[in-house]
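Below you'll find the structure, written out as structure tokens, and then a few comments.
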Amino acid sequence: MYWLTELFNFRIVADYADIFIDGIINTVWISLVCLVLSIFFGIFLALMRMSSVGVIWRTAAAYIQFVRATPLLIQIYLIYYGLPHLIGNFFNEMQTGVIALTLHTTPFMAEIIRAGIMSVPRTQTEGAMAVGMSRPQVLYYIILPQAIAKLISPLLGQTVILVKDTSLLSIIAVFELMGAGLLMFSETVSATESYVTTAICYLIIYLLMLVASGFIQKKLSGNLAGAQ
């Protein structure tokens, strides 16, 4: 065991446990807010992308392609330095980070949601409208419940990417999990302990998300089977 304590100093990690807990809380909080907002706006963007009006679907497509074509790091810098010129210093660093990550994640969520909506047979939409349901009612009662069950796995994949992307917010002084690792490294110059601990914390978050996703997917499958 002695060689292990030489390789990895657990005492240093224990001294910085509180900092890593704060980093985990901020990472989870930022990810959760961005996830909710990106799904909310992603639904609208997906509907814009499916619109038959040219100017609407082209606008949505241009936004999606812009986000896909440019690095997230550039997008964060654009929001961080550009937003104050447009509206003033209205947002702090964490709020700016949430805006940047939401704007980045929304197009990916929109494409996942669009794929889920299009996987529902068109005959169901036509049948629902034939009995007098409006388009919003068809979307809410017929399409979304079926699409959501199919979206859990791809949404989990995108959420994992979102959690990892929060690490880039450390460049605009947002304190999250990566920021905790960088702080520990700057004060102790212990690279192994700093970055291995950070990586393990991300792994723990991922495993918890995997368990939660499995539970939700099982619950939704049971509800859909019961409804049938």
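For Glu111, the side chain to side chain donor-acceptor pair (under 3.5 Å) partners are Arg114, not counting sequence neighbours. By the side chain to side chain contact (heavy atoms under 4.5 Å, CB included) test, Asn89 is found to be paired with Pro84, residues two or more places apart in sequence or in another chain being considered. Residues passing the side chain to side chain donor-acceptor pair (under 3.5 Å) test with Thr192, sequence neighbours excluded: none. For the side chain to side chain contact (heavy atoms under 4.5 Å, CB included) test, residues two or more places apart in sequence or in another chain that qualify with Ser153 are Gln217. The side chain to side chain contact (heavy atoms under 4.5 Å, CB included) check on Tyr80 picks up Glu93, Thr96, Ile172, with sequence neighbours excluded. Listed by chain and number, the residues in a side chain to side chain contact (heavy atoms under 4.5 Å, CB included) with Ile87 are Leu83, Phe90, Phe91 (sequence neighbours excluded).
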Sequence neighbours left out, cut at 3.5 Å: what donor-acceptor pairs do the side chains of residues 34-55 make with other protein atoms?
from: Ser38; atom 1: OG; to: Cys34; atom 2: O; distance (Å): 2.7
from: Ser38; atom 1: OG; to: Leu35; atom 2: O; distance (Å): 3.1
from: Ser51; atom 1: OG; to: Val53; atom 2: N; distance (Å): 3.0

Report, one line per pair, each donor and acceptor closer than 3.5 Å where one atom sits in a side chain of residues 154-170; sequence neighbours left out.
from: Thr159; atom 1: OG1; to: Leu155; atom 2: O; distance (Å): 2.6
from: Thr166; atom 1: OG1; to: Val163; atom 2: O; distance (Å): 2.4
from: Ser167; atom 1: OG; to: Lys164; atom 2: O; distance (Å): 2.6
from: Ser170; atom 1: OG; to: Ser167; atom 2: O; distance (Å): 2.8

Under 3.5 Å, sequence neighbours excluded: what are the donor-acceptor pairs made by side chains of residues 60-73?
from: Tyr63; atom 1: OH; to: Leu103; atom 2: O; distance (Å): 2.6
from: Thr70; atom 1: OG1; to: Phe66; atom 2: O; distance (Å): 2.8
from: Thr70; atom 1: OG1; to: Gln75; atom 2: NE2; distance (Å): 2.8

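Applying the ring pair (Phe, Tyr, Trp, His ring centres under 6.0 Å) definition to pairs two or more places apart or across chains, those involving residues 99-130 are His104-Phe108. Contacts classified as ring pair (Phe, Tyr, Trp, His ring centres under 6.0 Å) and involving residues 191-212 (residues at least two apart or in different chains) are given here: Phe185-Tyr195.
The distance from atom OG of Ser194 to atom CG of Leu182, rounded to the nearest 0.5 Å, is 8.5 Å. A distance of 13.0 Å separates CD1 in Ile99 from CE in Met94, rounded to the nearest 0.5 Å.
Here the side chains of Leu101 and Ile30 are in contact, with some heavy-atom distance below 4.5 Å. Using a 4.5 Å heavy-atom cutoff, the side chains of Asp15 and Met184 are not in contact.
Side-chain atoms of Glu193 and Tyr16 form no donor-acceptor pair, as typed in the model, at a separation below 3.5 Å.
Counting Ile, Leu, Val, Met, Phe, Trp and Tyr side chains that sit under 4.5 Å apart, directly or through other members, Ile25 shares a hydrophobic cluster with Ile21.
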